[in-house]
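Input: a single structure, listed below in structure tokens.
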Amino acid sequence: QKEVEQNSGPLSVPEGAIASLNCTYSDRGSQSFFWYRQYSGKSPELIMFIYSNGDKEDGRFTAQLNKASQYVSLLIRDSQPSDSATYLCAVNPPGGSYIPTFGRGTSLIVHP
Amino acid sequence: ETGVTQTPRHLVMGMTNKKSLKCEQHLGHNAMYWYKQSAKKPLELMFVYSLEERVENNSVPSRFSPECPNSSHLFLHLHTLQPEDSALYLCASSHGQGSYEQYFGPGTRLTVT
């Protein structure tokens with residue numbers, strides 16, 4: 001059973017702080033990892049993907065992958081109220097499958 | 001048109017009606033997906049098509065019937081739905097090989113009365 005676990009939150013951070021969102025996965029050997037942002041009533045939007053161990057930075061967002069510990073994180077620096085949304089972690093299993101398993105998502109609230 | 005489009009955006013139907021949801025992707029992708037998202041629940045994968053062939057069917061009731069006439073278009077035919085089928089129905093597409101990130105359409109908000 002492939003599992004992707006996320007704390008449902010809500011995670012509440014003040015404006016300007018660093019928000020740290022975590023995701024663990026059960027399928028060792030998974031190759032591709034994605035973070036999606038979903039505003040209330042809207043569809044998910046891809047914001048980051050990472051394939052290799054280590055950090056990947058894109059603007060205020062940093063994805064961190066640790067395959068040995070089977071977790072992937074998303075850091076949002078200088079959090080803004082507009083970052084308030086649900087963040088979905090998705091993991092593609094090994095073997096070249098393009099069908100991801102999604103976590104339940106973490107709700108982030110950035111308060112002024 | 002760019003990205004992934006879905007029509008209609010909102011749909012209200014009675015339990016005896018028949019309707020269809022349409023999805024079109026303009027990204028040159030090979031794989032297309034239907035997801036259901038109910039209030040306060042995670043995404044539920046319903047169907048996956050790769051190169052117009054169904055590769056996944058996640059125990060979805062037969063009142064939902066997918067159709068993929070070509071790699072750019074995906075339909076979800078609905079008949080004799082139940083009130084618990086009210087949800088946001090999302091279409092997504094991906095390359096299917098090599099890069100797996102999915103791009104979602106705006107969704108169809110379905111209400112079954």
Side-chain angles (χ1 to χ4, degrees), chain A residues 1-10 21 23-27 29-52 56 58 61 63 65 72 74 85-107, chain B residues 2-10 21 23 25 27 29-51 53-59 71 86-111:
Chain A
Q1 178 83 13
K2 296 170 283 189
E3 291 185 352
V4 176
E5 300 287 341
Q6 295 181 259
N7 188 323
S8 61
L21 304 159
C23 170
T24 60
Y25 59 94
S26 63
D27 206 335
S30 294
Q31 299 292 325
S32 311
F33 307 86
F34 307 88
W35 284 100
Y36 293 83
R37 176 177 62 200
Q38 186 174 24
Y39 292 114
S40 180
K42 303 294 185 182
S43 62
E45 173 193 11
L46 178 71
I47 53 172
M48 290 284 290
F49 60 88
I50 186 167
Y51 299 146
S52 304
K56 179 181 179 182
D58 184 1
F61 299 96
L65 175 60
V72 56
L74 179 69
T86 296
Y87 289 81
L88 303 172
C89 173
V91 177
N92 277 65
S97 172
Y98 48 84
I99 303 174
T101 298
F102 279 85
R104 299 177 67 91
T106 297
S107 175
Chain B
T2 58
V4 182
T5 58
Q6 289 186 245
T7 55
R9 295 293 305 276
H10 300 272
L21 309 184
C23 175
Q25 60 94 3
L27 301 168
H29 288 165
N30 293 325
M32 297 187 76
Y33 311 74
W34 279 118
Y35 288 91
K36 175 185 177 184
Q37 190 174 41
S38 304
K40 306 297 184 185
K41 289 187 177 180
L43 282 172
E44 298 175 47
L45 180 66
M46 300 176 72
F47 301 104
V48 181
Y49 277 83
S50 174
L51 297 172
E53 185 176 327
R54 192 188 308 182
V55 296
E56 184 102 359
N57 175 354
N58 263 7
S59 302
S71 59
S86 299
L88 180 66
Y89 288 84
L90 293 160
C91 174
S93 69
S94 71
H95 277 295
Q97 280 187 332
S99 77
Y100 307 120
E101 59 267 29
Q102 293 189 337
Y103 294 87
F104 286 83
T108 295
R109 175 69 62 185
L110 173 67
T111 302

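Residue numbers start from 1 in every chain, and the chains themselves are labelled A, B, ... in the order their sequence lines are given, proteins ahead of strands.
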What's the spacing between [X] [atom1] and [Y] [atom2] if we round to 0.5 Å?
X: B/E101; Y: A/N92; atom1: CD; atom2: CG; result: 9.5 Å
X: A/S43; Y: B/Q6; atom1: OG; atom2: CD; result: 7.5 Å
X: A/Q38; Y: B/L88; atom1: CD; atom2: CG; result: 7.0 Å
X: B/E44; Y: A/F102; atom1: CD; atom2: CZ; result: 13.0 Å
X: A/L46; Y: B/S94; atom1: CG; atom2: OG; result: 11.0 Å

In chain order, what residues pass the side-chain contact (heavy atoms from CB on, under 4.5 Å) check against A/P10, with sequence neighbours excluded?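 Partners of A/P10 by the side-chain contact (heavy atoms from CB on, under 4.5 Å) criterion, ordered by chain and then number, come out as A/S107, A/I109.
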Applying ring-ring contact (aromatic ring centres under 6.0 Å, His included), can you list everything that pairs with B/F47, at least two apart in sequence or on another chain?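 Not a single residue meets the ring-ring contact (aromatic ring centres under 6.0 Å, His included) criterion with B/F47.
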Does any non-hydrogen side-chain atom of B/Q102 lie less than 4.5 Å from one of A/P100?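 They are in contact (side-chain heavy atoms under 4.5 Å apart), so the answer is yes.
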For A/F49 and B/Y100, I'd like to know if the aromatic rings sit close, meaning centre-to-centre distance below 6.0 Å.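 No.
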